[in-house]
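Worksheet: one structure, shown below.
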Amino acid sequence: MSVVLVPRSSALAAFRQRMDAVTIRIGVLLLVAWLFIIIALPLWALLSKGFENSSGAFVGLDNFVTYFSTPTLFNSVFNSFWVALLATAIVIPLAFGYAYALTRSCMPFKGLFYAIALLPLFAPSLLSAISLIYLFGNQGVLKTLLFGHTIYGPLGIVIAQVFYCFPHALIILMTALALADARLYEVADALGTKPSRVFRTVTLPGAKYGLVNAAFVVFTLVITDFGIAKVIGGQFNVLATDAYKQVVGQQNFSMGAVVGMILLVPAVVAFAIDRVVQRRQVALLSARAVPLQPKQQGLRDAAMTAYVACLAVLIIGVLGTAVWASFIVYWPYNLALTLKNYDFGTFDAAGWSPYFNSIKMAALTALIGTATIFTGAYLVEKTRANSIGRSIAHLLAMLPVAVPGLVLGLGYVFFFNAKWNPLNIFYGTMLVLVVNSIAHFYTVAHITALTALKQIDPEFESVSASLKVSIWRTFRRVTVPICMPAIFDIAIYMFVNALTTVSAVIFLYSPSTKLASVAIVHMDEAGFTAGAAAMATLILVTALAAKLLHLALNRLFFFRAQAWRTR
Amino acid sequence: MEASIGWSATESDTNARSSFLRVRNLVKRFGNFTALDDVSLDVLEGEFVCFLGPSGCGKTTLLRAIAGLDPQNEGTIELGGRDVSKLPPSARDFGIVFQSYALFPNLTVADNVGYGLVNQRKSRAEIAARTQELLTLVGLADQQKKYPVQLSGGQQQRVALARAIATSPSLLLLDEPLSALDARVRIRLRDEIKDLQRRLGVTTIMVTHDQEEALAMANRIVVMNHGVIEQINTPNQVYRKPATAFVADFVGSMTFFDATITETKALRVDGLELKCGAHPFAAGTAVRVGFRPEEVQVRNVTANAANRIVTHVTSLDFLGSFCRAKLKPQSVSNITILADFSANLMRDLNVAEGQEMIVALPPESLHIFARP
């Protein structure tokens with residue numbers, strides 16, 4: 001590094017590096033402030049609201065005493081708990097079998113069956129509930145199969161939740177089962193081990209973390225999901241619908257906050273257990289492990305195919321029922337096809353506008369969310385200044401995964417609706433809906449970005465400094481292009497989830513920003529089930545189209561632009 | 001160098017005993033790639049055989065075919081007089097140790113070692129006793145309750161070894177068992193495995209790409225390349241009488257020159273006339289001739305010694321216990337002879353770069369191979 005070699009540009013370079021240091025510091029501070037506003041403060045608003053009365057005075061545990069001494073309220077805790085437990089107990093084995101077949105057998109059409117299983121992710125949770133009403137409801141075509149039991153209540157909730165949660169459990173279990181050390185199976189085989197013992201001592205322990213994780217994710221999803229309980233719950237009260245009734249129906253914010261805090265418990269417990277298990281899971285798969293390649297076994301593969309095909313047909317059947325019913329004149333008496341159910345103006349004054357609101361909201365969430373989350377992750381992972389600020393930012397970014405949408409939505413109501421808050425001018429605007437969705441789905445996107453960034457050589461920033469190039473130029477010219485696939489993944493994840501979410505936004509919309517998922521709830525409430533099915537179908541189709549576009553772009557664009565990835 | 005070659009069975013010794021493992025005409029293909037091309041091999045009872053070769057030579061494929069983990073496309077395998085060609089691994093009676101240890105991470109050391117014994121429906125007390133015995137054998141008796149991640153690499157590999165021999169298999173297969181370990185541990189465990197094998201008398205096959213490991217451990221070495229066996233012999237013979245130029249180059253180091261046979265016991269390398277030992281080539285044949293750096297004779301080179309060459313030292317590389325010198329003959333300038341000088345010799349002769357040096361290449365140490 002001879003000074004003589006760089007006489008003129010050194011002053012400029014020094015200035016540039018000082019500018020970098022300043023912009024990075026400002027960036028980290030902005031990130032922390034932003035995360036405080038969109039995550040920490042709304043949660044704080046929720047927590048403090050639980051200890052206040054309706055006029056805002058601190059009342060200690062009074063609200064909790066009231067809640068737990070009112071049987072009609074307290075009963076919901078019990079209801080939610082056993083429904084969630086039952087749904088989890090059904091989903092996990094079903095999804096494990098499906099994941100096992102897709103990862104460990106040589107069954108045909110794995111990609112197709114995987115895609116089918118993921119379909120419920122692209123629709124609002126209540127789509128499966130609407131389908132169940134068409135099948136088993138008062139006018140249900142298969143009602144006789146229930147032998148006098150009613151689908152409106154716990155039975156309907158559990159079945160609908162099983163469909164809704166299946167892909168969530170499947171993705172986690174697929175990841176858990178996909179990676180396995182072939183050598184362990186070979187050793188077990190060489191030692192003459194029976195398949196059942198191999199399964200017990202090698203397969204299950206390897207997937208243990210995934211099983212625990214999936215069980216908690218499903219339990220939390222079920223207990224905090226609002227849409228299904230609302231549509232098919234009937235008179236059966238659960239926590240999620242209670243929160244809605246307290247806040248929207250009775251304007252009893254304090255009691256709503258109490259319910260919200262109760263809903264936070266399983267998610268926080270799940271988050272804590274996940275951390276502990278993850279720490280103990282280290283190095284189950286060593287660097288020298290050889291990935292397991294499934295071998296053909298005629299009988300097993302055939303059985304697996306049959307099992308997977310059965311479930312796939314059920315999934316398509318349930319989703320398909322709602323889609324089909326949305327085109328029917330009068331279910332089940334006049335099965336002629338019609339488009340009149342898509343004339344939403346006849347059911348709801350808002351007409352088609354909720355659909356376009358949803359698209360706008362989802363697009364803005366994807367755009368703003370991806371840009372801020374990725375830049376934030378870059379600041380956290382790749383810069384060295386303000387390590388306390390970066391740690392706080394990372395901690396806040398990891399928080400939303402433990403916060404159910406319904407709880408976050410409540411927090412937003414309490415925070416953005418508060419009289420003392422200058423930000424309350426945004427309440428009811430599209431902006432709050434977008435920001436809420438960004439916060440809601442922050443963690444997964446943040447982790448995706450971090451994972452992509454961690455794969456890049458950590459010395460890029462040092463190299464750019466030594467070459468006297470601004471760090472932001474390296475960010476734009478190298479980091480972002482390399483991470484483009486991850487950035488697209490984040491964008492599509494944000495878009496699809498923002499499109500299908502119900503629980504958070506149900507508290508936050510105003511008449512001018514009503515969303516499609518909210519319109520579904522309203523149409524169903526008003527008895528226009530066909531209209532609700534039509535709107536849900538529309539969301540499903542839109543989300544699927546976005547996903548297909550993503551896949552096509554990936555194939556077209558990254559096949560060549562990411563040529564450096566292939567050796 | 002010779003001193004470290006160690007155990008060596010003579011050929012008459014190996015022929016006297018009966019063949020325990022018989023591999024005949026084995027062929028294994030992966031798509032268009034032929035990993036094993038008509039391989040035949042006999043391993044004697046109680047013998048320690050090393051499959052040696054560069055990566056991709058088929059040595060691991062051969063081991064996995066013998067284990068039944070990757071069944072062969074053609075050919076037969078007999079184990080103890082029993083045709084096991086079509087049997088699954090569990091019916092073949094062998095223990096196996098992998099480079100990656102492959103210990104069950106969720107089981108304790110004791111449970112790992114006892115894993116195969118449970119399959120044999122042994123009583124709990126029997127399993128405990130046998131596990132204890134084996135762990136004592138590999139020097140880990142006090143680590144029973146630990147989990148694999150809590151052990152060092154060398155300890156993990158000892159556990160894997162104990163697990164492989166727990167069920168007293170008649171054949172022990174070792175797939176690069178030492179490659180994942182650091183140099184010092186590797187040499188210690190190398191001696192331990194050899195010692196254990198001799199005490200138990202279990203027929204053992206080890207795959208390795210490390211020639212020093214193979215020379216030090218094996219009774220016989222099977223040198224492989226491109227899916228075929230290049231040579232099967234004792235370490236001593238493989239080193240001293242490499243069957244092909246590949247073997248000569250892969251085992252130990254050797255300098256090669258293009259040469260032409262001039263008469264029955266003489267050849268010419270670039271104007272350098274050399275005497276050599278007996279060979280099957282006719283006069284005028286183009287051949288490859290090679291010799292090992294340590295066989296260059298420096299002391300006591302008499303005026304009428306065979307293959308006496310006046311050279312000067314062009315460079316010296318210090319390699320610890322010896323120096324590798326580059327020597328240029330004065331008569332022909334465009335060939336370089338590599339020679340290893342011991343520290344003793346360096347001191348006694350005060351060797352330095354640029355110095356003149358009279359050396360001899362003993363005719364019997366010249367290895368002559370067909371030109372490919």
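Chain identifiers are assigned alphabetically (A, B, ...) following the order of the sequence lines, protein sequences preceding nucleic acid strands; residue numbering begins at 1 within each chain.
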- [ ] Dump the intermediate steps for side-chain contact (heavy atoms from CB on, under 4.5 Å) on A:Val187 and B:Arg163, then the final yes or no.
- [x] CA-CA 9 Å; A:Val187 166; B:Arg163 178 178 65 184; 3.3 Å; yes
Task: B:Asn106 side chain vs A:Gly206 backbone, donor-acceptor pair below 3.5 Å - done: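 No; zero donor-acceptor contacts below 3.5 Å.
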Open item on the list: For A:Phe81, I'd like to know if atom CZ has over 12 heavy atoms of other residues, nucleotides or ligands within 6.0 Å.
Closed with: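 No, the 6.0 Å shell around CZ holds no more than 12 heavy atoms from other groups.
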Open item on the list: Can you tell me if B:Phe30 has over 12 outside heavy atoms packed within less than 6.0 Å of its CZ?
Closed with: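 Above 12, so yes.
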Open item on the list: Can you tell me which of B:Thr167, B:Val118, B:Ile96, B:Asp93 forms the most heavy-atom pairs within a distance under 4.5 Å of chain A?
Closed with: B:Val118
TODO: With side-chain contact (heavy atoms from CB on, under 4.5 Å) as the test, would you mind laying out the steps for B:Phe104 and A:Thr201 before giving the verdict?
DONE: CA-CA 8 Å; B:Phe104 302 113; A:Thr201 54; 5.6 Å; no
Open item on the list: Heavy-atom cut-off 4.5 Å, strictly under: side chain, backbone, both or neither for A:Ala188 against chain B?
Closed with: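 Contact with chain B: backbone and side chain both.
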- [ ] Calculate, to the nearest 0.5 Å, the distance between atoms CG and CG belonging to A:Leu191 and B:Asn119 respectively.
- [x]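 CG of B:Asn119 is found 6.5 Å from CG of A:Leu191.
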Search all heavy atoms of [X] against all heavy atoms of [Y] and return the closest pair with its distance.
X        : Y        : answer
A:Asp181 : B:Ser100 : OD2-OG, 4.4 Å
A:Gly192 : B:Ser90  : CA-CB, 3.6 Å
B:Pro105 : A:Leu184 : CD-CD1, 3.9 Å

Open item on the list: Whether A:Arg197 engages the ring of B:Tyr115 as a cation-pi pair (distance to the six-membered ring centre under 6.0 angstrom, angle to the ring normal within 45°) should be assessed.
Closed with: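 Checked: cation-pi criterion met.
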Open item on the list: Is B:Leu103 close to chain A through its backbone or its side chain, or both, or neither, when contacts mean heavy atoms under 4.5 Å?
Closed with: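 Contact with chain A is through the backbone of B:Leu103 alone.
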Open item on the list: Using the rule given for side-chain contact (heavy atoms from CB on, under 4.5 Å), can you reason through A:Glu186 versus B:Arg64, listing the C-alpha separation, both sets of side-chain angles and the distance that settles it, and then say yes or no?
Closed with: CA-CA 10 Å; A:Glu186 287 170 4; B:Arg64 291 175 65 81; 2.5 Å; yes
Task: Heavy-atom check, side chain of B:Leu107 versus side chain of A:Pro205, under 4.5 Å - done: no
